[in-house]
There are 2 protein chains.
Amino acid sequence: MSDPQILIADRISAAMSSMTTSEKRVARVLLARYPAIGLESVTAFAEQAEVSAPTVLRFITKLGFGGYPDFRRALREEIDDSRKFPLTRPRPTKIDVGSDFGNELLEVVRATLGEIEPAVVDEVIELLADDRRSVNVLGGDLTKTVAGHLLYHLRKMRRAVFQLPAVNQERADRLIDLGKKDIVILFDVRRYQDDVVTTARIASQRGCTVILFTDQWMSEAAEVATHVFRAKVETSSPWDSLLGLAAIVETLALALDRRLWSVVRPRLEAVERYKINLTSRNKSPAGDKDQRSDGPDTAVFESRSKKPAV
Amino acid sequence: MSDPQILIADRISAAMSSMTTSEKRVARVLLARYPAIGLESVTAFAEQAEVSAPTVLRFITKLGFGGYPDFRRALREEIDDSRKFPLTRPRPTKIDVGSDFGNELLEVVRATLGEIEPAVVDEVIELLADDRRSVNVLGGDLTKTVAGHLLYHLRKMRRAVFQLPAVNQERADRLIDLGKKDIVILFDVRRYQDDVVTTARIASQRGCTVILFTDQWMSEAAEVATHVFRAKVETSSPWDSLLGLAAIVETLALALDRRLWSVVRPRLEAVERYKINLTSRNKSPAGDKDQRSDGPDTAVFESRSKKPAV
DNA sequence: GGCGATCTGTACAATCTATTACAGGATGTG
DNA sequence: CACATCCTGTAATAGATTGTACAGATCGCC
């Protein structure tokens, strides 16, 4: 038996460069449905990857296996091993991050997560889990991207999630409608923006719940915020890092998912159905079967031309 | 497809009472080396259990499967499910921030940075440092926020940085103008988007340099990309993490900053001057084209209002 | 100990699988 | 534009696998 420590998945990554186009497709499908698909027959595997059986065989050979049976045997052994030593699971990752900056980024995440107060998380999750409250998110110049990341997750999981307009006039129009039942989430890190701080003040005055994501030096908005998350943003780079904030966002996303799991699941499925209907032309909204449609769009973006055909 | 919730292992336990001696032996061996041994051939399985092949067949039939292939298919599906939806399993409702999931996020960053090839970084930096090339960035549903993060840094450091339109028609209008001198940067992670892949193909066909940010399973866009960055996105959370991609982006930002330091510094100072002019009313200084303003302020968001203002 | 019922293994046929050879097609080069 | 090279799919074949029929073995019971 071949070295049990080296995962087949890693072998694939390593050999990826010497793969042809079709073989890469095989690799991708294998990794995506690893390892189950490798345990099917060559024919079935080839069909899923939309290539011919010999292509799969060549791929397997390039990986260094003696043949398909040999490959499958290796997969089975790997499954067996992972059962036997679930804790000694091979950790193939290189310890060396490659650079000092890499370690700094790790430190940003570690320090940030270490500072999070679970109590604050719990309270915020409870607030976000409340369907009746609207959520209004605003980021600054640098932070609007993390704000977008939070928006993405919130929108997938609940209703009434809005982005506060970047343009002040529109934002003012919006703020006038907010009240006690509404949540305002702000991002403001160093080189703090006055308009964000002002927004916090107004929101607070109107009785909104104000949740602030800021850095270790704390935006002035913290004075009126009801909940504050502080992230480390400083590195040796002249550009502040968003990794800490993003880590908080993703932690919250997971927590909210757990809290709302029973609601989120059907919601996502419904969204998926709508998406399929939206991407298919003038169909009646019947299609519920999970067809991995290649989304017909504009002519220019015609679905993939995968048919060599003859 | 049989109910994915009921594990085959449970079915065995349930049917154990109606099993004969030899069949019980089969059951024991199967449970002991579950599920790997079930993926071998009947003959091999029978040998391990020290019974004959037909005995195994009868055992499988008693479990309610239509035949051995049917049984194996069920096993494979179980493996697939456990990989794809580790969340359909009963999950803990309590969150402990900063411990388990925190470590996973750290691992995402560490693994991603560990896989970066310095040579690719160098090449990409050289490309991005070239003022004459335009840079055109596009992200997918999830990744558009990281794409925004990259855009932020690039815009601060160089000219001709654009976001490719999300709407296909507009994007097509834009792509037609791109050529050999232009750089297209794409983000595409799992649940890959056909429109992004298609954009990659078109850009490649037009001779553009195509830089791809993807995940470990690699978007199909990789087939035509000239440079590929792979990030780890998978965690135990149902939501993929962007921390790895963000870490790459920030690493590139620092590298580009070092490379272009002498150019970037005066550029930033100039931007700062324009910004001040933009926020102060009715002055008349030099107007350049670069029009990414933070929006003109209105009365509500008057700048520099340092007072708490209760 | 003899009998019946149940269990189990052997042998073989039908089917499916992996593999190899080869030719058509794509790609790049001079 | 012709040539060479490299991919990739088709088709044929050798081999292995599943499933079944049947005969021998085992066990319990009278």
Side-chain angles (χ1 to χ4, degrees), chain A residues 8 15-30 35-76 304-310, chain B residues 15-30 35-76 180 200-207 210 220 222-226:
Chain A
I8 293 164
M16 193 67 93
S17 55
S18 67
M19 292 292 172
T20 69
T21 318
S22 298
E23 285 162 2
K24 271 182 191 155
R25 189 175 301 171
V26 176
R28 220 161 40 76
V29 171
L30 175 56
I37 201 172
L39 296 163
E40 302 198 10
S41 71
V42 177
T43 319
F45 189 170
E47 268 174 28
Q48 305 260 359
E50 296 177 5
V51 299
S52 69
T55 301
V56 173
L57 267 302
R58 283 186 283 262
F59 168 78
I60 296 299
T61 309
K62 272 194 186 173
L63 249 43
F65 296 102
Y68 202 72
D70 184 42
F71 165 67
R72 272 209 306 218
R73 185 190 45 71
L75 280 181
R76 284 195 305 265
R304 84 160 148 275
S305 60
K306 73 186 170 213
K307 271 297 107 167
V310 165
Chain B
M16 193 66 98
S17 54
S18 67
M19 294 290 172
T20 69
T21 322
S22 301
E23 285 163 2
K24 274 181 187 159
R25 192 182 307 169
V26 176
R28 271 210 327 277
V29 172
L30 175 56
I37 200 171
L39 297 163
E40 303 197 12
S41 71
V42 178
T43 320
F45 188 172
E47 270 176 26
Q48 304 263 355
E50 296 178 357
V51 298
S52 70
T55 301
V56 174
L57 267 300
R58 282 184 284 263
F59 167 79
I60 295 301
T61 308
K62 274 194 185 173
L63 284 179
F65 295 103
Y68 202 71
D70 185 41
F71 166 65
R72 273 210 305 217
R73 186 188 44 74
L75 281 180
R76 284 195 307 265
K180 288 193 181 62
R201 294 231 159 84
I202 294 171
S204 164
Q205 208 171 345
R206 298 197 60 80
V210 177
E220 264 187 76
E223 293 171 13
V224 295
T226 53

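Below, all heavy atoms of this structure are taken into account, side chains as well, without hydrogens, waters or symmetry copies. Chain identifiers are assigned alphabetically (A, B, ...) following the order of the sequence lines, protein sequences preceding nucleic acid strands; residue numbering begins at 1 within each chain.
Per the geometry, CE belonging to A/M19 stands 17 Å off P belonging to D/dC6, to the nearest Å. To the nearest angstrom, P of C/dG9 lies 11 Å from CD of B/E50. As a whole-Å value, the separation of A/E47 CD from C/dT17 C1' is 13 Å. The distance between atom NZ of B/K62 and atom C1' of C/dT8, rounded to the nearest whole Å, is 12 Å. Rounding to whole angstrom units, CZ of residue A/R25 and P of D/dT8 are separated by 9 Å. For the pair A/K24 NZ and D/dC7 P, the interatomic distance rounds to 11 Å; values are reported in whole Å. For B/I60 and C/dT8, the CD1 to C1' distance is 17 Å, given to the nearest whole Å.
Listed here is the closest heavy atom pair of B/V26 and B/A49: CA-CB, 4.1 Å. What you find for A/R76 and B/E40 is that their closest heavy atoms are NE-CG, 3.0 Å. Taking both residues in full, the closest heavy atoms of B/A74 and B/F65 are given as CB-CE2, 3.6 Å, listed atom of the first, atom of the second, then distance.
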Going through the distances and angles, do A/T43 and A/E47 end up as a side chain to side chain contact (heavy atoms under 4.5 Å, CB included)? CA-CA 6 Å; A/T43 319; A/E47 268 174 28; 4.3 Å; yes
Does the side chain to side chain contact (heavy atoms under 4.5 Å, CB included) test come out yes or no for A/I60 and A/E23, once each step is laid out? CA-CA 9 Å; A/I60 296 299; A/E23 285 162 2; over 6 Å; no
What verdict does the side chain to side chain contact (heavy atoms under 4.5 Å, CB included) test give for A/T20 and A/F59, after you've listed the backbone C-alpha separation in whole Å, the side-chain angles of each residue and the deciding distance to 0.1 Å? CA-CA 9 Å; A/T20 69; A/F59 168 78; over 6 Å; no
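Side-chain N/O atoms of A/S22 include one lying less than 4.0 angstrom from OP1 or OP2 on D/dT8. Regarding contacts with the backbone of D/dT10, every side-chain N or O of A/S52 stays at 4.0 angstrom or more from both OP1 and OP2. Taking only side-chain nitrogens and oxygens, B/T20 comes nearer than 4.0 Å to OP1 or OP2 of C/dT8.
B/T61 places a side-chain N or O within 3.5 Å of a backbone atom of B/L57 that can act as its donor or acceptor partner. Side chain of A/Y68 to main chain of A/V56: no donor-acceptor pair is present (N/O by atom type, distance under 3.5 Å, no hydrogens or angles). Under the 3.5 Å distance criterion, the side-chain polar atoms of A/T55 are left unmatched by any main-chain donor or acceptor of A/V51.
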Heavy-atom protein contacts under 4.0 Å, nucleotides 12-28 of chain D, coded B base, S sugar-phosphate only, - none: -----SSSB--------
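For the helix from C/dG1-D/dC30 to C/dG30-D/dC1, the angle separating the two terminal helix axes comes to 30°, with each axis derived from five pairs and the value rounded to 10°.
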